[in-house]
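One structure is given below, encoded as structure tokens.
Remember, it's 1-based here, ligands and their atoms both numbered in the order they're listed.
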Amino acid sequence: FQNVTQLKELEKIRTDFVATISHEFKTPLTSIMMGTDVLMEERMGRLNEDQRQFIEAIREDSNRLTKLVNDLLELMKIESAKAVFKFKKYPIKDIIQCSVKPFIQLVIQQGKTLYYDNKEENSYVLADFEKITWALNNLISNAIKYTDSGDEITITAKEEKNIVYVTVKDTGMGIPQEYHEKIFEKFVQVRDGDMEFRGTGLGLAVVREIIEAHNGRIWCESEPDIGSSFTFTLYTAEKEQDLE
Ligand code: ADP
């Protein structure tokens, strides 16, 4: 079918294009960030308040752009036909511990609390370790991003009938009902005050693709000003099951 072939070619051009552009952004971004770091540390001389504010704004925008580039690259990787998932059995606690680790310092710095309540110490799941940790990382990162000092983030895992449910719950700003499904679409962000500027709107789209590639489901329950919880499912693997 002519149109299908053409569409596939066009799709390949599109993904190649985005991947190339994203890569090309990385080098200049790194030098912008290094430059602003040097200026912020006042190694080139003292800054007045106006100068500091400008440089901080540049630093913040470069951080955001870096996240956008990384999210886009991850999305392209997942969406391209080349995406390979290597499923093996892992204890769920290893996946959670590995995802939590990068945030321990940040959470303390921001005056928040991160609990990990693992009732299912011995649950084994079938997963691609790198990709599932990326997904869980993103959910935790959001929970931290959309909470204030004093808020709590709780991660739980429970097993029921061959399915492990992993939940990331926070006591943050919450999400209005009409967004509960939409936020999993690309570039959708809750438009409310300055919230839309905090991220890229891509993270949850990638997370959902990763979970669905595991034949799992993901959903959000949330109430504005009370908090949000994101739950995804994974299939269990028998302890004696060897997939290699
Ligand atoms: P990003 O966080 O980079 O904007 P995501 O796709 O990860 O993109 O999230 C989409 C939107 O969903 C966010 O912009 C935010 O409005 C909302 N959101 C996601 N997680 C939370 C959360 N834990 N609490 C409140 N809002 C959230």
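By the 3.5 Å distance cut-off applied to N or O atoms, Met173 is not counted among the residues near ligand 1. On a distance-only criterion, Gly203 and ligand 1 share at least one N/O pair closer than 3.5 Å. Polar contact with ligand 1: absent for Asn138 (N/O pair, distance under 3.5 Å). Close N/O approach between Lys67 and ligand 1 is found [any backbone or side-chain N/O within under 3.5 Å].
By the criterion of a heavy-atom distance under 4.0 Å, neither the backbone nor the side chain of Tyr179 is placed next to ligand 1. Both the backbone and the side chain of Leu204 come within 4.0 Å of ligand 1, counting heavy atoms alone. Under 4.0 angstrom from ligand 1, there are no non-hydrogen atoms of Thr147. By the criterion of a heavy-atom distance under 4.0 Å, neither the backbone nor the side chain of Val207 is placed next to ligand 1.
Interface atoms of ligand 1 facing Ile175, defined by a heavy-atom separation under 4.0 Å, are 18 (N), 21 (C), 25 (C), 26 (N), 27 (C). Below 4.0 Å from some heavy atom of Val190 lie the following atoms of ligand 1, by number and element: 16 (O). Residue-ligand proximity, Val188 to ligand 1, at heavy-atom distances under 4.0 Å covers atoms 10 (C), 11 (C). For ligand 1, the atoms closer than 4.0 angstrom to any heavy atom of Leu202 are 6 (O), 8 (O). Shown in contact with Gly174 at under 4.0 Å from a heavy atom are these atoms of ligand 1, numbered in order with element: 25 (C). Contact atoms of ligand 1 toward Ile183: 11 (C), 12 (O) (distance under 4.0 Å to a heavy atom of the residue). Of all the atoms in ligand 1, the ones that sit under 4.0 Å from a non-hydrogen atom of Lys145 are 1 (P), 2 (O), 3 (O).
When atom types are taken as modelled, the side chain of Glu42 and the backbone of Leu47 share a donor-acceptor pair closer than 3.5 angstrom. In this structure a side-chain-to-backbone donor-acceptor pair under 3.5 Å is missing from Thr147 to Thr171. The closest donor-acceptor contact from the side chain of Asp170 to the backbone of Ser228 lies under 3.5 Å.
Atoms CG and CD1, on Leu139 and Ile218 in that order, are 5.0 Å from each other to the nearest 0.5 Å. For the atom pair OG1 (Thr167) and CZ (Phe230), the distance works out to 11.5 Å, reported to the nearest 0.5 Å. In this structure, CG on Asp71 lies 4.5 Å from CH2 on Trp134, to the nearest 0.5 angstrom.
Residue contact check for ligand 1: Asp71 places no non-hydrogen atom closer than 4.0 Å to it. Distances from ligand 1 to the non-hydrogen atoms of Gly201 include at least one value under 4.0 Å.
Residue-environment remark: CD (Glu130) stays at or below the threshold of 12 foreign heavy atoms within 6.0 Å. Shown here is Glu181, whose CD atom has no more than 12 heavy atoms of other residues, nucleotides or ligands within 6.0 Å.
Shown are Ile132, Val168, Leu136; of these, the side chain to side chain contact (heavy atoms under 4.5 Å, CB included) with Ser99 is made only by Leu136.
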Query - Candidate pair Lys77 and Glu74, rule salt bridge (Lys or Arg N to Asp or Glu O under 4.0 Å), full reasoning - result: CA-CA 5 Å; Lys77 243 198 295 179; Glu74 193 64 28; 3.5 Å; yes

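Using cut-offs of 30° and 60° on the angle between ring planes, the pair Phe87 and His214 is perpendicular.
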